[in-house]
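Following: one structure in structure tokens, then a few remarks.
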Protein chains: 2
Amino acid sequence: MLGKNKVVTELSSSLPEIWRMLTDVERDQLRHNARILHFKKNELIYLEDENPRGLMCLFKGKVKIYKSGVGGRSQIIRIIRPVQYFGYRAYFAREPYVTAASAFEACTVCMIPMELIEQFLRNNGDLALFFIQMLSVDLGIADQRVVNLTQKHVRGRLAESLIFLKESYGLEEDGATINIYLAREDLANLSNMTTSNAIRTLSNFVNEHIISIDGRKIKIIDEERLRKISRIG
Amino acid sequence: MLGKNKVVTELSSSLPEIWRMLTDVERDQLRHNARILHFKKNELIYLEDENPRGLMCLFKGKVKIYKSGVGGRSQIIRIIRPVQYFGYRAYFAREPYVTAASAFEACTVCMIPMELIEQFLRNNGDLALFFIQMLSVDLGIADQRVVNLTQKHVRGRLAESLIFLKESYGLEEDGATINIYLAREDLANLSNMTTSNAIRTLSNFVNEHIISIDGRKIKIIDEERLRKISRIG
DNA sequence: TTATATTTGTGTTTTAGAACATAGTTCTAT
DNA sequence: ATAGAACTATGTTCTAAAACACAAATATAA
């Protein structure tokens, strides 16, 4: 088992923003209430309509936040990378979750009861501002996303997703392969298109020497062109 | 000119949530820094890429928040009714506005410098939570909107917009006419479709006796059916 | 390992909705 | 009050993308 010191080290280095803003007493409370959870690949983290319980901080792995829409068609709303926070919006809105979260790959998550967070930020302006800023940034992204997903064409949407994945999870050692292992279906759900169209458009990009693919691994060959396709829609 | 007492009365009754949470000193500061602005029909309130300056509270009138997308095509992101707050997200995100706001009809707006609001909420947990909750609710709506606008068909999207307008601005005295005077183009931009399609689909709804129209006035005849069309997409 | 399920790839068909064209109508500003 | 602009209406054409179908390739589990 982990000793107490190990837990302290892990929290203070892994929750840098929040940890820094807390008093000693608060840090102690956090230490006693935070739980580290592990999720296997494709495991569900929370479900639509469930009641939110904790603020999650992704320490390791990759997470998708998604929604099932008309006829159960799934739409990926956002993706989470280490070290980002998620799962807190619904609690603050006093609603059940309107999205679900699941692990793209094996994940380590730190879960802190929302009641504790709320108590902290009532007395801690910096922490409150931290959450206000996160929510504000996410709302801006969501507004932008509405326009991108509804107005851009298939090629533009897919190009945008590829760039987005690169910026979110980075590249592998070769400096070209996007560091995520995604099924075509997930790529489609991220880009608001059918799986067929994701496959077809990906093939087109390969033929045009914009990317190359090896199974699920995608290598970006001509990023400038990809960005242009994304920009003009 | 308005006397001081008049301003106080107006603020305390018009900004109920915020006013209630403030101390006497804060109320005094608010009183001295809040400005009442008037906008004519179709006047711009703020523009995309501008720097955010104030928290706006809509006292009277109707406002649209919109974004111009691919090829300048405009998308209405949300609409504001009295008494709602808007224009603060960008400041908190430390970004320029990503949306523009304009008046559907003559408006009265109270503008409070964001610096003052930030100062207040650093020391006022309730006020911080108030903003966190607003942002959280709006983010949930934005997430839902992504799915609705991308997955529902034209009929579903238009039906949804009509219900949304009814719930936002209510009905006129006849208990059926939606209390807003909107161009077909705005209706289209709200529902993510071309103006032609908004006009055509509106006509179809009339033929199916779901609504009736008299110029820009829309009367809901069969709300249950409208809701069903919205639900199934 | 082998069997079964899932994912990927491609061709074909169908369709929703955009684009375009044009005319009638209603605002709005002088 | 009237001219011009903007909005509304409707028909027609065109196209992007969904739907469908099926084969091949991979992944997963017994």
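Because the structure is a prediction, the values reported are computed rather than measured. First the proteins, then the strands, lettered A, B, ... as listed; each starts at 1.
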Give the C-alpha distance, both sets of side-chain angles, the deciding distance and a yes or no for salt bridge (charged side-chain N to carboxylate O under 4.0 Å, His left out) between B/E105 and B/K62. CA-CA 6 Å; B/E105 54 183 57; B/K62 301 184 177 79; 3.1 Å; yes
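- B/M193 places its CE atom 16 Å from the C1' atom of C/dA19, with the value rounded to the nearest Å.
- Of the two residues contacting DNA chain C, namely B/T194 and A/E185, the nearest-nucleotide position lying further toward the 5' end is that of A/E185.
- When rounded to the nearest whole Å, the span between CD1 of B/I199 and P of C/dT26 equals 14 Å.
- Close to C/dC27, at under 4.0 Å from its OP1 or OP2, lies a side-chain N or O of B/Y181.
- B/Y46 and B/Y97 have parallel rings, their planes meeting at less than 30° on a 0 to 90° scale where 60° marks the start of perpendicular.
- One interatomic measurement links the two molecules: CG of A/N42 to C1' of C/dT6, which rounds to 12 Å at whole-angstrom precision.
- Set against C/dG17, D/dC7, D/dA18, the side chain of A/R157 has D/dA18 as its closest nucleotide.
- As a whole-Å value, the separation of B/D214 CG from C/dC27 P is 10 Å.
- Spacing between atom CZ of B/R216 and atom P of D/dC7 amounts to 7 Å, rounded to whole angstrom units.
- Comparing D/dA18, D/dA17, D/dA9 against the side chain of B/I213 picks out D/dA9 as the nearest.
- Residue B/K41 contributes atom NZ, which lies 10 Å from atom C1' of C/dT28 at whole-angstrom precision.
- Ranking D/dC20, C/dT8, C/dC20 by closeness to the B/S196 side chain, first place goes to C/dC20.
- The side chain of A/N197 contributes an N or O atom lying less than 4.0 Å from OP1 or OP2 of D/dA18.
- One interatomic measurement links the two molecules: CG of A/L149 to P of D/dA17, which rounds to 13 Å at whole-angstrom precision.
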Salt bridge (charged side-chain N to carboxylate O under 4.0 Å, His left out) for A/R227 and A/E160? Distances and angles first, verdict last.
CA-CA 7 Å; A/R227 282 187 188 276; A/E160 190 189 8; over 6 Å; no
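- The base of C/dG11 lies close enough to the side chain of A/R200 for a donor and an acceptor atom to sit less than 3.5 Å apart.
- Judged by distance alone with a 3.5 Å cut-off, no donor-acceptor contact links the side chain of B/R155 to the base of C/dG17.
- To the nearest angstrom, C1' of C/dA16 lies 15 Å from CD1 of B/I232.
- Geometrically, A/R94 engages A/Y91 in a cation-pi contact defined by less than 6.0 Å to the ring centre and at most 45° from the axis.
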Could you walk me through whether B/D143 and A/R78 pass salt bridge (charged side-chain N to carboxylate O under 4.0 Å, His left out), step by step?
CA-CA 9 Å; B/D143 287 348; A/R78 63 189 132 255; 2.7 Å; yes
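- Closest to the side chain of A/R184, out of D/dA19, C/dG9, C/dG17, is C/dG9.
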